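For reference, the structure is listed below as structure tokens.
Just so it is clear: chains get the letters A, B, ... in the order the sequence lines come, proteins before strands, and each one is counted from 1. Treat the numbers as computed from the prediction; the structure is a model and nothing was measured.
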Amino acid sequence: MQQKYNPQVIERDAQKFWDEAQTFRAVETGDKPKYYCLSMFPYPSGKLHMGHVRNYTIGDVLTRYHRMKGFNVLQPMGWDAFGLPAENAAMANGVPPAKWTWDNIAYMRKQLQSLGFAIDWSRELATCSPDYYRWNQWLFLRLLEKGIAYKKTQVVNWDPVDQTVLANEQVIDGKGWRTGATVEKREIPGYYLAITKYADELLSALDTLPGWPERVKAMQANWIGKSYGVRFAFPYTLDGKAEKLWVFTTRADTIMGVTFVAVAAEHPLATQAAKYNTKLAGFIAQCKRGPVMEADLATMEKKGMPTGIFVEHPLSGEKVEVWVGNYVLMGYGEGAVMAVPAHDERDFHFAKQYGLPIRPVIDVGGQTFSTGAWQEWYADKEHGICSNSGKYNGMNHSAAVDAIAADLAAKGLGEKQLLYRLRDWGVSRQRYWGCPIPIIHCPDCGDVPVPDKDLPVVLPEDCVPDGSGNPLLKRADFVNCACPKCGKPAKRETDTMDTFVDSSWYYLRYACADNASAMVDERVNYWLPADQYIGGIEHAILHLLYSRFWSKAMRDLGLVKLDEPFKNLLTQGMVLNEIFFRKPDTGRITYYNPADVDVAVDDKGNRSGAVLRADGLPVESGGIGTMSKSKNNGVDPQALIETYGADIARFYMMFTAPPEQTLEWSDASVEGASRFLRRVWTLGYETAQRGAATALPAELPAPLAAARREIHAVLKQANYDLGRHQFNTVASAAMKMLNALEGVLKGGNSDAANAVLREGLSVLLRVLSPITPHIAHQLWRDLGYGEDILAAPWPEPDAAALVENEIELVLQVGGKKRGDLRVPRDAGKAAIEAAVLAHPEVQKFMAGQPAKKIIIVPGRLVNVVI
RNA sequence: GGGCGAGUGGUGAAAUUGGUAUACACAAGGGACUUAAAAUCCCUCGGCGCAAGCCAUACCGGUUCGAGUCCGGUCUCGCCCACCA
């Protein structure tokens with residue numbers, strides 16, 4: 001056995017052992033409970049970043065822990081391999097996206113393997129492989145048959161940099177989620193998936209997911225956005241024809257307060273009115289040019305213009321004018337709203353701006369309405385009672401809505417409606433590096449689905465995009481084909497699918513990645529749902545909502561027996577680092593990598609300044625932020641692994657912060673992790689030098705009993721912490737065990753000491769093995785515990801070791817700590833009370849007053865109330 | 001504007017149902033070993049105070065024998081959504 005800890009050699013040997021024994025190959029067997037541990041698969045961008053290391057270490061700890069706890073474990077890995085960065089890299093380097101992607105996968109796979117993750121690599125998949133994406137196409141055709149997938153022309157969000165369409169979810173603050181470019185509106189045909197048909201289930205089923213973080217569920221519920229309301233119409237006559245202007249409202253109880261109607265600039269009525277009104281046409285054009293969804297839209301000035309068209313109030317018959325308003329959204333409800341300035345803040349400001357009438361019809365606790373400034377209570381529907389509303393007077397919100405909806409229904413002018421904010425998911429992308437949409441356009445037959453026997457529609461892999469649109473358009477060999485129906489020349493669809501399609505079902509395919517004849521098989525029903533899903537919070541809405549939808553759609557096609565794909569969700573925190581920069585008077589900010597900066601501290605350990613090592617001159621601190629290229633504050637995991645080894649990197653990641661919290665990078669703390677593992681190795685070495693130990697004696701000397709008690713007490717806590725995924729304190733527990741065992745080692749060489757040492761070390765190594773598997777594997781073998789620590793059972797605390805003959809109670813007088821008291825383990829209430837009252841410190845603070853009450857918390861404390 | 005979450009030493013953080021606040025580390029300071037350095041080991045380490053002791057979990061109040069934890073209010077920060085009718 002080596003005296004010095006040598007991570008490189010140990011890790012190479014351990015990985016070779018696992019590889020040769022095919023330790024992580026998962027098999028579907030029924031004699032153990034299954035545990036499917038899934039981490040979000042990476043985009044093969046080139047090399048791993050710290051976020052990946054953290055994500056997959058969390059998954060690996062859970063995987064190895066459950067394996068030792070007796071579960072049949074699956075931990076797969078794959079590649080989210082389609083997407084724009086490959087095209088951008090291709091443009092920059094002239095390399096085809098396919099080659100770039102596959103090269104990256106090869107490199108990153110090696111990196112993952114060097115971290116020693118317990119992955120079943122036989123199930124590896126890449127979404128850019130035809131074996132995978134053919135099933136995207138196959139399922140798309142099934143969804144088309146069921147009407148879940150359909151084609152329509154719609155105003156879409158257009159990313160001018162990526163030259164592609166974005167879903168609403170992919171537009172953040174009016175900018176593309178990937179490029180940050182300001183999104184434009186465009187009208188183009190594309191394929192859509194009717195996720196809205198599942199809106200209700202996607203919302204209500206959130207209640208069946210107790211293992212998901214509340215905030216993720218809140219974000220999804222918010223995104224689905226369910227509203228109960230009334231859809232109704234304002235009748236009118238235009239060019240001699242009877243028409244209806246439909247609106248949606250959640251405040252039908254305020255209907256008698258309507259003083260005008262507002263429509264969106266894109267509304268057909270606005271278009272019609274603008275035909276003979278050039279001023280209005282100009283205003284509409286200006287609105288359409290305006291920002292799509294800017295963050296300050298909410299505070300933007302309310303602008304509008306009358307259309308000159310009057311409609312009839314459906315209940316009072318009164319004439320009200322229709323206005324075009326820049327605050328009305330075409331995409332929600334009917335693109336038109338009834339305006340009740342007295343009880344809606346937006347309508348209120350609009351009415352005041354244009355001098356429109358304001359008519360209060362809701363009474364809230366007799367407060368007096370005034371048109372001066374908007375008051376919160378004007379919109380209070382909880383406490384509002386209808387007034388000035390004829391037959392509805394005196395009704396509360398829900399009674400009035402019911403009565404008004406009934407009256408509207410009787411006239412054939414409306415009904416109650418459930419409305420969702422969620423929109424259907426547009427999946428067409430005008431990009432090359434994605435899954436081809438399996439459709440052929442025939443001049444005679446129209447849009448014809450590619451027959452199943454012709455799948456997959458293979459994407460040519462040798463294209464090099466040049467930035468001038470989709471290169472597939474120039475590929476005659478791809479585009480030109482025969483119509484499957486009539487056989488005449490036809491053109492293939494060149495749009496590809498949104499990459500979120502690829503990632504919506506990959507977790508199913510891991511269960512049956514080798515099946516060449518079906519998308520899924522019975523094995524999916526064995527492994528799914530995933531017992532644990534781990535990934536970044538940034539996927540709280542997009543990926544997780546699409547995946548839930550996709551698996552429900554597959555369930556309804558009879559392909560899987562599955563309501564929800566992910567039973568438990570862990571959203572890991574980001575990895576942060578310090579930011580240092582200089583800002584010259586002229587010119588741009590330069591960011592300096594923290595590794596190149598020396599931080600000075602004063603003698604109290606407080607930071608006193610930072611200088612760039614290269615020139616010794618000061619740099620400014622920009623605080624702490626996510627590791628990113630733009631802030632030049634990234635740390636390359638490869639350097640970390642090469643310098644310290646996988647175990648130290650993994651231990652550092654787990655020890656520094658709980659998994660869900662942000663993790664601040666610290667070189668000094670990495671050094672601390674390294675010191676700890678060196679000490680563990682030394683302890684193992686010293687213990688091995690002492691040779692085989694005898695069995696634990698029945699009676700141990702006090703210091704050894706105390707050390708053994710410490711080990712088992714800490715183990716008990718560690719097991720509890722593992723159960724709640726608080727791995728930082730599990731790492732702390734390992735440190736405490738090491739401290740106790742080093743004490744035993746220093747305490748002398750005896751049979752009893754060696755027995756305690758041997759037992760304690762076997763506990764320590766097993767607790768450590770999910771976090772630092774390589775060193776645990778090697779020491780387990782070197783100390784002769786067995787062939788493979790992974791085959792050992794997870795340690796459980798020995799109740800006998802925890803028993804103490806004497807326990808220490810904390811003494812309190814009036815809730816303040818005043819001393820300690822040692823009493824026999826089985827001391828009765830009376831004996832404790834007598835001992836406490838006789839205690840000098842207690843007597844001193846009681847100052848002769850009688851004890852009103854003595855509270856005894858068994859095994860913990862005694863509080864004397866005076 | 002709406003929703004969710006968080007504020008504990010110089011730093012990362014701990015404290016399971018209310019029961020010894022600051023575990024475990026990092027940094028810092030002192031010491032041992034060494035020709036020296038690294039490594040390693042030992043000691044100190046919330047604040048004030050000579051001490052007894054007092055004060056400290058963002059701030060103010062409440063409940064309780066006892067509050068970091070529960071309740072009410074305030075402030076600050078972070079994230080998500082946002083003219084959604």
Between N or O atoms, less than 3.5 Å apart, protein on one side and nucleotides 51-55 of chain B on the other: list the pairs.
| from | atom 1 | to | atom 2 | distance (Å) |
| --- | --- | --- | --- | --- |
| G53(B) | OP1 | K844(A) | NZ | 3.1 |
| C54(B) | OP1 | R818(A) | NH2 | 3.4 |
| C54(B) | OP2 | R818(A) | NH1 | 3.4 |

Between the base of C65(B) and the side chain of K852(A), is there any donor-acceptor pair under 3.5 Å?
-> no
Pair Y644(A)-E671(A), side-chain donor/acceptor within less than 3.5 Å = yes
Which residue, N863(A) or G331(A), contacts RNA chain B at a nucleotide closer to its 5' end, judged by nearest heavy atom?
->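 This one resolves to N863(A).
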Please list each protein N or O that sits under 3.5 Å from an N or O in nucleotides 20-24 of chain B, with the distance.
| from | atom 1 | to | atom 2 | distance (Å) |
| --- | --- | --- | --- | --- |
| U20(B) | O2 | K817(A) | NZ | 3.1 |
| A23(B) | O2' | K736(A) | NZ | 3.1 |

Return the nucleotide paired to U20(B): Watson-Crick means purine N1 to pyrimidine N3 with N6-O4 or O6-N4, wobble means G-U with N1-O2 and O6-N3, both under 3.5 Å.
-> none
Partner nucleotide, any strand, of A37(B) [Watson-Crick/G-U, under 3.5 Å] | none
Determine: side-chain N/O of R346(A) to OP1/OP2 of G1(B), distance under 4.0 Å, yes or no.
-> no
Could you state the atom-to-atom distance from CG of L745(A) to P of C42(B) in whole Å?
->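 These atoms are roughly 12 Å apart.
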I866(A) CD1 - C65(B) P separation (whole Å) = 14 Å
Closest to the side chain of V337(A), out of C83(B), G19(B), A85(B), is A85(B)
Is the NZ or CZ atom of R346(A) positioned over Y327(A)'s six-membered ring, under 6.0 angstrom from the centre and within 45° of the axis?
-> no
What distance, rounded to whole Å, do you find between the two P atoms, one in C41(B) and one in C26(B)?
-> 10 Å
